[in-house]
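From a predicted model like this one, the values you see are computed outputs, not experimental measurements. Note: hydrogens, waters and symmetry copies are ignored here, and every other heavy atom, side chains too, is used. Chain identifiers are assigned alphabetically (A, B, ...) following the order of the sequence lines, protein sequences preceding nucleic acid strands; residue numbering begins at 1 within each chain.
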Amino acid sequence: MKLKATYTASDYENNVYAQWEESGYFNPDKFPKSKRVFTISMPPPNATGTLHLGHAMFLALQDLMIRYHRMKGDKTLWLPGTDHAAIATHSKVEQLLAQEGKTRQEIGREAFLQRIHEYVEHSRNTIRNQIRKMGASCDWSRERYTLDDGLSMAVSEMFVRMFNDGLIYRAQKIVNWCPHCLSTLSDVEVEHSQEKGSLFYIKYPVKETGEYITVATTRPETMLGDTAVAVHPADERYKKCIGGIAVQPMGNHEIPIIADEYVEREFGSGALKVTPAHDVNDFELGRKYHLTSLNILRENGSLDLSSLKNRPIDFESIADLDGMDRYKAREVIVERLKEKGLLEKIEEIDHTLATCYRCDTVIEPYISLQWFVAVDKKIEKYGASLKGLMHDTVLSKKTQIIPQRFEKIYFQWVDNLRDWCISRQIWFGHQLPVYYCLESGGGCGETIVSKEKPKVCNICKKSVLRQDEDTLDTWFSSGLWTFSTLGWPRNAKEKRGSIEKKGDLAQFHPTSVLETGYDILFFWVARMILMSRYALGEQPFDVVYLNGLVLDIHGKKMSKSREESIIDPLTVIEKYGTDALRLSLLVGISPGNDLRLSEEKIASYRNVVNKLWNITRFILEFGLEGEAPRKHQLTLADQWILSRLSQTIASVTNHIEGFRFSQAAEELRAFTCDELADWYLEIAKIEKGKQMVLAHVLEAVLSLWHPFTPFVTEIAYQALKKSRTEKKASPFLMVHAWPHADEKEIKEEVENEFATIQHIVGAIRSARSENTISPKQKIQAIFFTPTRADFMKAHEELLKYLARLDFVTIVEKGERPANAIYLKVEDIEIYLPLGLMKIEEERDRLSTELQKKQELLVSLQGRLADSTFTSKAPKHIIEREQKKVKDYEHSIQKIKEQLALLK
RNA sequence: GCGCGCUUAGCUCAGUUGGUUAGAGCAUACGGUUUACAUCCGUAGGGUCAGAGGUUCGAGUCCUCUAGCGCGCACCA
């Protein structure tokens with residue numbers, strides 16, 4: 001195979017992926033003998049839109065782990081899929097409909113769902129192909145979708161079980177309502193943002209005294225639903241009004257003035273209007289004081305005054321507000337209050353605004369009959385509540401979170417969790433497995449919770465049953481993801497209190513690692529823990545690795561930033577290759593910390609990929625059918641690279657096991673570029689007989705890189721394979737054994753000796769550069785070494801070549817040359833006698849070095865003179881410092897001598 | 001209000017259990033057609049590790065406080 005001089009990823013990647021996929025090695029069933037199992041459930045991308053850099057990052061991270069474990073010989077499953085993402089998909093398709101001038105209500109539930117399914121099928125295909133573009137080696141044969149029959153069945157099963165255990169209930173409560181999505185939202189789906197807003201001070205006449213009581217509110221439109229005014233019982237200002245009647249001026253509604261310690265005297269006017277139907281706290285007050293709840297909002301956020309019609313108020317004066325949008329109504333009401341002289345003032349304040357996480361619409365607290373998961377209720381079987389199970393899973397380290405600081409955040413959230421509202425009023429999703437026996441059909445009104453639609457009511461035996469039209473929170477089904485995808489409940493049998501798993505569920509659950517962005521820790525990770533502990537009594541995963549978010553160069557979320565700063569994965573893949581993109585998302589990052597990605601960074605990793613390519617090209621051009629050198633024929637350089645390779649294998653493996661992927665890659669890059677390419681391959685150009693070592697090192701290096709840059713390494717490996725006649729080659733690098741760190745190859749002495757060579761060469765190169773001696777100009781060098789003349793002689797040719805020397809003299813004793821550049825490496829003195837040398841500059845250089853060394857010596861001597869240091873520091877630290885003192889003293893002496901010679 | 005994170009070279013960021021003179025990539029400067037790679041090679045410059053205090057023989061690393069930035073949670077209308 002002839003390789004091109006530069007690696008052009010787009011020429012190869014699609015083809016390589018197709019070969020991998022066709023080979024069947026993505027499927028763990030191909031590895032029946034493996035004992036250890038490694039599983040990742042892929043976080044299902046939404047069934048909307050396309051792949052963005054966040055996806056690219058998690059795909060890169062997970063594929064890295066998956067490929068590493070597969071090469072290690074583990075039975076490795078990466079299960080892909082997509083999430084129906086109820087509200088997100090729903091509103092996306094509604095938007096598309098709107099472009100055609102239609103609404104979902106017009107076309108009806110059936111037709112609308114059909115439209116969604118068509119849309120989802122199309123975008124799922126797009127997503128699948130984009131996941132392939134990233135090189136993700138997931139098992140497509142096990143791909144799942146949250147609305148699959150099996151997964152839908154799991155959802156119903158879970159709902160019924162939780163209902164039967166009393167963990168799911170229906171109740172009338174204040175919920176978060178999104179007037180745009182026309183649905184409830186759970187607490188996590190509400191975002192709180194600090195905004196500037198107006199606090200309106202409104203005067204309510206007090207009936208008894210004819211005076212006014214001023215209330216403060218940010219939402220004047222809700223005053224129509226006021227059923228009380230509340231003050232603090234000890235507030236002197238209002239004491240006399242307590243028990244009286246205030247007149248809500250919009251419609252002259254007479255409402256009681258009550259006292260409760262909940263009211264903060266310092267905030268606003270110290271008096272609070274109570275609107276039980278539209279505020280959580282007011283709802284509580286309403287319950288406490290048996291106040292009426294007046295719902296005055298429609299689902300779309302416009303005013304609904306029907307509940308006021310038959311009340312003793314002046315309805316006519318407000319009738320025109322009916323149907324008006326909440327914000328318009330706010331303006332109108334404020335205007336009218338102004339006219340009546342009842343608006344005391346408007347104060348600008350900072351307050352928190354609750355918005356929908358999907359559409360940014362301001363949510364309304366809304367009284368509604370909804371379904372909830374009880375998180376505090378004790379479950380007999382476990383002797384703990386769902387909240388307790390969630391807390392325990394992380395506390396007891398059944399699941400470990402990386403980075404650890406998120407454990408604290410997790411606990412804080414779990415411990416403050418309130419019951420989870422799970423019913424949604426949208427059409428797309430899992431319809432609740434709840435049936436009502438219709439009274440209108442002559443039935444008893446019973447609520448029946450059942451996986452299948454019952455034929456008749458189990459109480460009255462009437463058969464007019466209607467399924468609840470609501471659908472479940474999308475995170476309810478996502479919560480089951482780790483086990484519903486593995487065949488739960490079919491693969492789990494409960495026997496005498498314990499659960500017996502079989503099939504995929506037995507093999508792959510609990511999964512090994514859950515890797516996702518920290519932004520869905522609560523939405524998803526916590527819910528999976530809840531569901532798995534409840535359904536299976538075990539954690540869904542042993543480790544949670546949380547990645548940071550990908551930001552643009554300005555530090556903004558890509559999803560929220562301006563168009564021009566968005567990097568599209570497909571575009572950069574086309575330009576730089578998938579491997580380069582993957583590296584840019586894997587290196588220089590740490591878990592839980594955000595990443596600012598620039599195109600320059602991707603380009604720089606494209607260069608690393610290209611380096612790998614050229615290393616392969618160079619080695620292959622050597623021809624690899626050489627004779628294996630016997631051990632004693634290995635040169636210093638050979639032994640050195642083998643030693644360094646083993647060290648690198650050990651270190652990279654260790655870092656990957658410890659989830660320090662960035663460090664693993666950096667060490668690998670340092671080995672590959674700085675040691676293998678810059679030193680060993682250069683030496684290979686003059687030392688012959690390196691074929692076996694080169695092939696061995698190349699194979700190991702490609703293997704180590706494979707989880708990071710699967711494409712280039714696979715192509716290189718295939719080329720390597722072709723140039724060898726070795727029988728035992730693997731069909732793909734993807735399933736090649738992970739390199740083994742051979743401890744016998746690690747030789748400290750060899751590394752030290754080679755380091756000496758490197759230092760000598762480095763010193764000479766540096767001196768050459770400082771004296772602007774062209775690299776092509778060969779110079780001569782004199783080495784003075786009383787103890788290492790043999791060593792120097794042995795490596796004379798190497799030094800000549802690397803340091804571009806034409807004449808070398810090695811002497812053990814005698815006079816030092818005057819007027820030469822003086823260098824010293826360990827106990828080897830180097831003199832570069834040169835006419836070109838500038839004496840003044842050399843003197844400056846030596847003086848600077850002398851001064852630096854002297855300063856270091858003084859500080860070292862000070863440390864060693866300190867008895868607390870010598871008595872408390874460990875022995876090896878002290879010895880190291882003592883050795884350094886000796887070295888410095890010697891160096892200083894030599895530099896002084898040399899300075900004297902320069903006169 | 002409670003909590004978390006960040007602050008290290010011009011830029012983007014690493015830095016596991018405290019221990020050589022704190023690292024990388026990019027950028028910059030200088031020099032280079034050395035039988036892979038100019039997507040290259042060699043060399044160099046560049047840091048009071050945000051500030052103050054503390055623990056320690058020793059702190060970028062541990063503790064306390066302060067400042068700036070970012071984020072999460074939270075029912076003050």
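- Aromatic ring orientation, A:Tyr7 versus A:Trp613: tilted (interplanar angle from 30° to 60°).
- The side chain of A:Lys408 places no N or O atom within less than 4.0 Å of a non-bridging phosphate oxygen (OP1 or OP2) of B:rG72.
- Separation of the C1' atoms belonging to B:rG46 and B:rA24 is 14 Å when rounded to the nearest angstrom.
- Among the nucleotides B:rG3, B:rG5, B:rA77, the one closest to any side-chain atom of A:Thr352 is B:rA77.
- Comparing B:rC73, B:rU39, B:rA77 against the side chain of A:Asn610 picks out B:rU39 as the nearest.
- Checked by atom type, the side-chain pair A:Tyr518/A:Asp594 shows a donor-acceptor distance below 3.5 Å.
- When the C1' atom is compared between B:rA36 and B:rG25, the two are found 22 Å apart, to the nearest whole Å.
- Of all the heavy atoms in A:Tyr576 and A:Ala9, the pair that sits closest is O-CB, 4.4 Å.
- Counting non-hydrogen atoms under 4.0 angstrom, A:Tyr888 reaches a base of the nucleic acid.
- Between the side chains of A:Thr672 and A:Trp705, at least one donor-acceptor pair of N or O atoms lies under 3.5 Å.
- In terms of phosphate contacts, A:Arg405 brings no side-chain nitrogen or oxygen within less than 4.0 Å of OP1 or OP2 of B:rG5.
- Here A:Thr275 does not reach the OP1 or OP2 of B:rA77: none of its side-chain N or O atoms lies under 4.0 Å away.
- For the 3.5 Å distance criterion, the side chains of A:Glu189 and A:Ser186 qualify, holding a donor opposite an acceptor.
- Residue A:Ile615 is tested with A:Leu676, A:Leu694, A:Val701 for a side chain to side chain contact (heavy atoms under 4.5 Å, CB included); the sole match is A:Leu676.
- To the nearest whole angstrom, the two P atoms, one in B:rG70 and one in B:rU12, are 15 Å apart.
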**Request:** Between protein and nucleotides 25-32 of chain B, map the contacts as a letter string: B base, S sugar-phosphate only, - none, heavy atoms under 4.0 Å, written 5' to 3'.
**Result:** SS----SS
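- Looking at the side chain of A:Lys884, the nearest of the listed nucleotides B:rA44, B:rA36, B:rU20 is B:rU20.
- How far CD1 of A:Ile602 is from CG of A:Leu53: 7.0 Å, rounded to the nearest 0.5 Å.
- Among the protein residues, A:Asp678 comes within range of the sugar-phosphate backbone only, with heavy atoms under 4.0 Å from sugar or phosphate atoms but none that close to a base.
- The residue among A:Tyr518 and A:Asp866 whose nearest nucleotide of RNA chain B lies closer to the 5′ end is A:Asp866.
- Taking every side-chain heavy atom of A:Phe267 into account, B:rC76 is the closest of B:rC37, B:rC76, B:rC57.
- Rounded to whole Å, atom P of B:rA36 lies 18 Å from atom CH2 of A:Trp679.
- Shown here is A:Glu879, whose CD atom has more than 12 heavy atoms of other residues, nucleotides or ligands within 6.0 Å.
- Separating the CD atom of A:Glu195 from the P atom of B:rA77 is a distance of 13 Å, rounded to the nearest angstrom.
- Distance check on atom C1': B:rC63 versus B:rG72 gives 25 Å, rounded to whole Å.
- Taking the P atoms as reference points, B:rC13 lies 27 Å from B:rU66, given to the whole Å.
- Using bins of under 30°, 30° to 60° and over 60° for the plane-to-plane angle, the ring pair A:Tyr357/A:Phe523 lands in the parallel bin.
- When rounded to the nearest whole Å, the span between CG of A:Leu860 and C1' of B:rC57 equals 14 Å.
- For the P atoms, the distance linking B:rG15 with B:rC30 amounts to 34 Å, nearest Å.
- Within the cation-pi definition used here (under 6.0 Å to the ring centroid, within 45° of the axis), A:Lys853 does not qualify as a partner of A:Tyr888.
- Defined by atom type and a distance below 3.5 Å, a donor-acceptor pair is present between the side-chain atoms of A:Lys273 and A:Thr222.
- Nucleotides B:rA9 and B:rU56 place their C1' atoms 29 Å apart, quoted to the nearest Å.
- Residue A:Ala230 is classed as having no contact, given no heavy-atom separation below 4.0 Å to the nucleic acid.
- Atoms CG and CH2, on A:Asp415 and A:Trp413 in that order, are 10.5 Å from each other to the nearest 0.5 Å.
- Checking B:rC41, B:rU43, B:rC13 against the side-chain heavy atoms of A:Arg765 singles out B:rU43 as nearest.
- We find that CZ of A:Phe618 is positioned 11 Å from C1' of B:rC37, with the value rounded to whole Å.
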Any N/O pairs under 3.5 Å between the protein and nucleotides 14-19 of chain B? List them or say none.
{"from": "B:rA14", "atom 1": "OP1", "to": "A:Ser590", "atom 2": "OG", "distance (Å)": "2.6"}

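- Here B:rG1 presents its P atom at 12 Å from CG of A:Asp350, a figure rounded to the nearest Å.
- We find that NZ of A:Lys690 is positioned 16 Å from C1' of B:rU35, with the value rounded to whole Å.
- Taking atom CD of A:Gln758 as the reference point, atom P of B:rU43 lies 11 Å away to the nearest angstrom.
- Rounded to a whole angstrom, the distance from the C1' atom of B:rU21 to that of B:rC40 is 31 Å.
- Taking the ring centroids of A:Phe661 and A:Tyr545, they lie under the 6.0 Å cut-off.
- When distances are taken from the side chain of A:Arg596 to each of B:rA36, B:rA77, B:rU12, the shortest belongs to B:rU12.
- In this structure, A:Tyr7 and A:Asn416 both approach RNA chain B, and ranking their closest nucleotides by distance from the 5' end singles out A:Tyr7.
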**Request:** Let me have RNA chain B in dot-bracket notation, would you? Count Watson-Crick plus G-U wobble pairs, both distances under 3.5 Å, and use [ ] for pairs crossing earlier ones and | for inter-strand partners.
**Result:** (((((((..((((.....[...)))).(((((.......))))).....(((((..]....))))))))))))....
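- In this structure, CG in A:Leu681 is found 5.0 Å from CD1 in A:Ile619, a value given to the nearest 0.5 Å.
- The residue A:Arg418 sits close only to the backbone: its heavy atoms come under 4.0 Å of sugar-phosphate atoms, none of a base.
- Here A:Lys4 does not reach the OP1 or OP2 of B:rC37: none of its side-chain N or O atoms lies under 4.0 Å away.
- When each of A:Thr709, A:Val608, A:Thr713 is checked for a side chain to side chain contact (heavy atoms under 4.5 Å, CB included) with A:Asp579, only A:Thr709 meets the rule.
- Between A:Gln404 atom CD and B:rC4 atom C1' the separation is 14 Å, expressed in whole Å.
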